[in-house]
Colleague: 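The structure is given below, and queries will be raised subsequently.
In what follows, residues are counted from 1 in the order of the sequence shown.
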Amino acid sequence: MAFFDREVEEAVLAKRWETDCTEMTLTQNATENPRVHRGKGLLRQNAEGGLCFRIYPPGDGPLEGTFDKCSERITAGQLVPDDEFYTLRATDWGGRVWTCAQVHPKISTTGCSGTLYGMISGEAFDLRCEIAEHNIGKSYFLRMVLD
């Protein structure tokens, strides 16, 4: 992981790093027609110091496809094929772009008031800050007028 920001470095060393992401993409590796999942989410450090991600894809209902069936297709001692892995790309609220070339995500579904929502999560063993862009987008201001 490339540390360019003292605040990020201190948070990682204290095992409390977390950043919200405005855009996250998972793209299947080693296939002509890769599965792609997008959504907002977060990158965070767990209690053991490992780096994890969560993506909340838009829309209701369970997610299409499955990530956890790999164990049913592969016998013990066999290598996991490349197309079982995905590349993670996440842009945080500060404009930093984080990437991890080989993640094995897990899908879960939760319900609230009878509606199902999907979530994709996993560990990012080699998370890198690829680009540090300045947030040049829209600026928002609050103006107070006192009478």
Side-chain angles (χ1 to χ4, degrees), residues 1-112 115-142:
M1 178 183 282
F3 294 118
F4 56 88
D5 185 315
R6 186 78 180 145
E7 185 177 315
V8 172
E9 183 178 2
E10 289 173 0
V12 169
L13 292 174
K15 295 184 181 177
R16 59 174 176 73
W17 180 73
E18 185 170 322
T19 187
D20 292 322
C21 296
T22 58
E23 182 180 331
M24 297 181 80
T25 305
L26 271 178
T27 306
Q28 186 179 19
N29 295 346
T31 182
E32 284 185 28
N33 297 313
R35 235 187 250 149
V36 178
H37 296 278
R38 291 183 171 82
K40 295 180 182 187
L42 59 91
L43 298 169
R44 66 185 273 294
Q45 194 172 18
N46 62 25
E48 293 80 36
L51 299 172
C52 305
F53 66 91
R54 274 194 206 144
I55 300 175
Y56 302 100
D60 298 339
L63 295 170
E64 295 287 325
T66 173
F67 296 114
D68 292 331
K69 298 296 182 187
C70 179
S71 60
E72 294 176 7
R73 295 189 302 275
I74 297 174
T75 57
Q78 191 176 16
L79 290 177
V80 177
D82 288 340
D83 64 353
E84 291 288 337
F85 293 95
Y86 286 69
T87 296
L88 172 69
R89 183 176 174 89
T91 304
D92 70 16
W93 60 270
R96 295 175 293 207
V97 178
W98 302 88
T99 60
C100 186
Q102 199 165 5
V103 299
H104 191 260
K106 295 173 181 65
I107 284 183
S108 60
T109 304
T110 187
C112 180
T115 303
L116 294 175
Y117 299 95
M119 179 182 75
I120 304 170
S121 62
E123 294 184 41
F125 294 107
D126 187 23
L127 187 65
R128 298 170 184 260
C129 187
E130 185 178 273
I131 303 170
E133 296 177 351
H134 294 289
N135 194 354
I136 315 175
K138 296 180 181 177
S139 296
Y140 297 93
F141 299 94
L142 174 65

Colleague: Would the Trp98 and Trp93 ring centres measure less than 6.0 Å apart?
Modeller: no
Colleague: Tabulate below the donor-acceptor pairs under 3.5 Å that side-chain atoms of residues 46-59 make, not counting sequence neighbours, or state none.
Modeller:
| from | atom 1 | to | atom 2 | distance (Å) |
| --- | --- | --- | --- | --- |
| Asn46 | OD1 | Glu48 | N | 3.1 |
| Asn46 | OD1 | Gly49 | N | 3.0 |
| Asn46 | OD1 | Gly50 | N | 2.8 |

Colleague: Going by the side chain to side chain contact (heavy atoms under 4.5 Å, CB included) test, name the single residue among Ile120, Thr25, Leu88 that passes it with His37.
Modeller: Ile120
Colleague: Tell me every residue that passes side-chain hydrogen bond (donor to acceptor under 3.5 Å, both in side chains) with Thr31, counting only those two or more places apart in sequence or in another chain.
Modeller: none
Colleague: Once rounded to the nearest 0.5 Å, what's the spacing between atom NZ of Lys40 and atom CD of Glu23?
Modeller: 10.0 Å
Colleague: If every non-hydrogen atom of Val103 is compared with every non-hydrogen atom of Ala124, which pair is closest and at what distance?
Modeller: CG1-CA, 4.2 Å
Colleague: Is the number of heavy atoms from other residues, nucleotides or ligands within 6.0 Å of CZ (Arg44) greater than 12?
Modeller: yes
Colleague: Take Arg89 and Thr27, measure what side chain to side chain contact (heavy atoms under 4.5 Å, CB included) needs, and give me the verdict at the end.
Modeller: CA-CA 8 Å; Arg89 183 176 174 89; Thr27 306; over 6 Å; no
Colleague: In Å and rounded to the nearest 0.5 Å, what is the CG to CG distance from Asp92 to Asp20?
Modeller: 9.0 Å
Colleague: Restricting to side chain to side chain contact (heavy atoms under 4.5 Å, CB included), what partner residues turn up for Ala101, sequence neighbours left out?
Modeller: none
Colleague: Distance-only, no hydrogens or angles: does the Gln45 side chain make a donor-acceptor pair with backbone N or O of Val12 under 3.5 Å?
Modeller: yes
Colleague: For the CZ atom of Phe85 and the NE2 atom of His104, what is their distance to the nearest 0.5 Å?
Modeller: 6.0 Å
Colleague: Can you name the residues that form a side chain to side chain contact (heavy atoms under 4.5 Å, CB included) with Asn33, not counting sequence neighbours?
Modeller: none
Colleague: Kindly compute the distance separating CZ (Arg35) from CG (Leu26), expressed to the nearest 0.5 Å.
Modeller: 11.0 Å
Colleague: Hey, does the side chain of Gln28 reach the backbone of Tyr86 with a donor-acceptor pair shorter than 3.5 angstrom?
Modeller: no
Colleague: Residues in side-chain hydrogen bond (donor to acceptor under 3.5 Å, both in side chains) with Asn29, at least two apart?
Modeller: Thr87
Colleague: Just verifying a value: how many Å separate Thr91 OG1 and Leu43 CG, rounded to the nearest 0.5 Å?
Modeller: 10.0 Å
